[in-house]
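Below is one structure, written out as structure tokens, with a few remarks after it.
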Amino acid sequence: MEGIRLNKYIADRGYCSRREADRLIDAGQVTINGRIGTLGDRVQDGDAVVVEGKVLGGKEKRVYIALNKPAGIVCTADPREPMNVVDYLSFPERIFPVGRLDKDREGRLLMTSDGERVNRLLRAAGGHEKEYEVEVDRPVTAEFMKTMAGGVPILDTVTLPCRIRRTGDRSFNIILIQGLNRQIRRMCEYCGYRVRKLRRVRIMNIKIGNLKPGQWRELTDDELNTLMNALDKTEVNHGNHYAQKNP
């Protein structure tokens, strides 16, 4: 049987992520041609799909914005979280956060209606650069810089080598290609330092620029082209990997 899996059909139309679509389907909030859909259903050409009372049509234009997330806002679309970033932003279209930024951290966050594909890009092997400005509780030494750059043992692994430069007596700029949980804070703690301020200023080629906390902007054409090219390469590699595992 051909067609598109129901959860993918919903996600492709920018309504929500596949995971959220699964939840809606399981809750009986999705119908196909008037009957309640199930998780295993596939959508054929001409089928009428209704989600939470809204009829889904053709693929919608994707939305990609850069947000300077304020501290205190949680990177989730879960409505049970009162400080979730989706409700905070109140964007007129359904968009979702990509990646993770701790609740107490300020910085650049990508939000999009194309969350599943972009999340796959950020999880892809090889990693993509994430740049941070950091302030710590005591003077930054040459030994500290060397240890941080070379790799630090945290979370039962050793962090990959990274680029780091001193920007002040107690501040530095660091570029990672990993996204371990509270990675910079844990790296600093291993070296005997405590983070006082931490702000993500860039992911790949997408920078905060002059955005104040809570402000957002649409991606520029150059930023979007770079992102789309990276997505295309990721999906080609994903397809090749799948073919090798399933000859």
Side-chain angles (χ1 to χ4, degrees), residues 64-75 85 97-112 118-119 121-155 157-227 229-230 234:
Y64 304 90
I65 68 173
L67 166 70
N68 187 0
K69 184 191 83 68
I73 302 300
V74 183
C75 291
V85 68
V98 175
R100 184 176 63 234
L101 195 58
D102 290 344
K103 179 179 180 179
D104 58 355
R105 189 188 303 174
E106 172 194 326
R108 218 267 334 135
L109 180 68
L110 179 62
M111 297 193 66
T112 176
V118 180
N119 264 314
L121 165 67
L122 297 182
R123 291 195 302 264
H128 298 278
E129 288 188 352
K130 304 175 185 70
E131 183 175 353
Y132 301 83
E133 294 175 351
V134 189
E135 182 181 312
V136 288
D137 63 341
R138 59 194 186 89
V140 173
T141 65
E143 180 181 3
F144 169 80
M145 299 282 283
K146 181 178 179 181
T147 300
M148 293 282 284
V152 173
I154 61 171
L155 299 173
T157 187
V158 177
T159 60
L160 295 176
C162 63
R163 290 169 20 220
I164 183 171
R165 63 182 175 85
R166 188 172 178 269
T167 57
D169 181 53
R170 299 187 180 204
S171 62
F172 60 93
N173 177 287
I174 187 169
I175 299 174
L176 306 177
I177 57 171
Q178 283 177 296
L180 301 178
N181 184 34
R182 301 177 71 84
Q183 180 172 344
I184 296 173
R185 295 182 188 276
R186 294 178 190 274
M187 291 172 70
C188 289
E189 287 170 2
Y190 174 84
C191 298
Y193 287 71
R194 294 186 64 84
V195 171
R196 294 304 187 199
K197 290 184 180 180
L198 178 62
R199 184 170 79 130
R200 185 164 68 191
V201 296
R202 177 173 66 88
I203 290 182
M204 298 172 62
N205 65 320
I206 305 168
K207 301 179 181 179
I208 281 182
N210 296 322
L211 292 179
K212 296 178 181 179
Q215 291 184 330
W216 61 271
R217 63 172 177 81
E218 294 185 4
L219 299 195
T220 66
D221 289 343
D222 286 344
E223 288 172 335
L224 193 53
N225 287 338
T226 299
L227 182 63
N229 287 337
T234 298

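Looking only at side-chain heavy atoms (C-beta outward), Arg105 and Tyr132 come within less than 4.5 Å of each other. Proximity of Asp104 to Arg185: side-chain heavy atoms (C-beta onward) are separated by under 4.5 Å at one or more points. Met145 is listed as a side-chain neighbour of Val140, based on a closest heavy-atom distance under 4.5 Å. Using a 4.5 Å cut-off on side-chain heavy atoms (C-beta onward), Ile203 and Leu110 make no contact. Side-chain contact between Arg200 and Ile208 is absent, with no heavy-atom pair separated by less than 4.5 Å. Side-chain atoms of Asn205 and Asp222, non-hydrogen and from C-beta on, never get closer than 4.5 Å to each other. Looking at heavy atoms from C-beta onward, Tyr64 lies out of side-chain contact with Val98 at the 4.5 angstrom threshold. Between Leu176 and Gln183 the shortest side-chain heavy-atom distance falls below 4.5 Å.
With respect to the salt-bridge test (charged N to carboxylate O, under 4.0 angstrom), the residues Glu223 and Arg217 qualify. Between Arg196 and Glu135 there is no salt bridge, since none of the side-chain N atoms of the basic residue sits less than 4.0 Å from a carboxylate O of the acidic one.
The CD atom of Glu133 sits 8.5 Å away from the OG atom of Ser171 when rounded to the nearest 0.5 Å. Taken from CG in Leu101 to CD in Glu106, the straight-line distance is 9.0 Å, to the nearest 0.5 Å. Between atom CG of residue Leu198 and atom CG of residue Asp102 there is a gap of 8.0 Å, rounded to the nearest 0.5 Å. Atom CD of Glu131 sits about 4.5 Å away from atom CD1 of Ile175, to the nearest 0.5 Å. Between atom NE2 of residue His128 and atom CE of residue Met204 there is a gap of 5.5 Å, rounded to the nearest 0.5 Å. To the nearest 0.5 Å, the span separating CD1 on Ile73 from CG on Leu109 amounts to 11.0 Å.
Between Gly214 and Pro70, the closest heavy-atom pair is N-CG, 3.6 Å. Between Pro97 and Cys75, the shortest heavy-atom contact is CG-C, 4.0 Å. Considering every non-hydrogen atom in both Leu155 and Asn181, the closest pair reads CD1-O, 3.8 Å. The two atoms that bring Pro213 and Asn68 nearest to each other are N-ND2, 3.4 Å, heavy atoms only. Residues Phe172 and Ile164 approach most closely at CD1-CD1, 3.5 Å, considering heavy atoms. Here the closest heavy-atom approach between residue Ala66 and residue Ile206 is recorded as CB-CG2, 4.0 Å.
Enclosure of atom CG in Asn210 is not indicated, since only 12 or fewer non-hydrogen atoms of other residues, nucleotides or ligands lie within 6.0 angstrom. Around CG of Asp221, the count of heavy atoms belonging to other residues, nucleotides or ligands within 6.0 Å does not exceed 12.
No donor-acceptor distance shorter than 3.5 angstrom exists from the side chain of Arg186 to the backbone of Cys188, with no hydrogens or angles considered.
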>> Could you go through Thr112 and Leu219, starting from their C-alpha distance and side-chain angles, then the distance that decides it, and tell me whether this counts as side-chain contact (heavy atoms from CB on, under 4.5 Å)?
In response: CA-CA 10 Å; Thr112 176; Leu219 299 195; over 6 Å; no
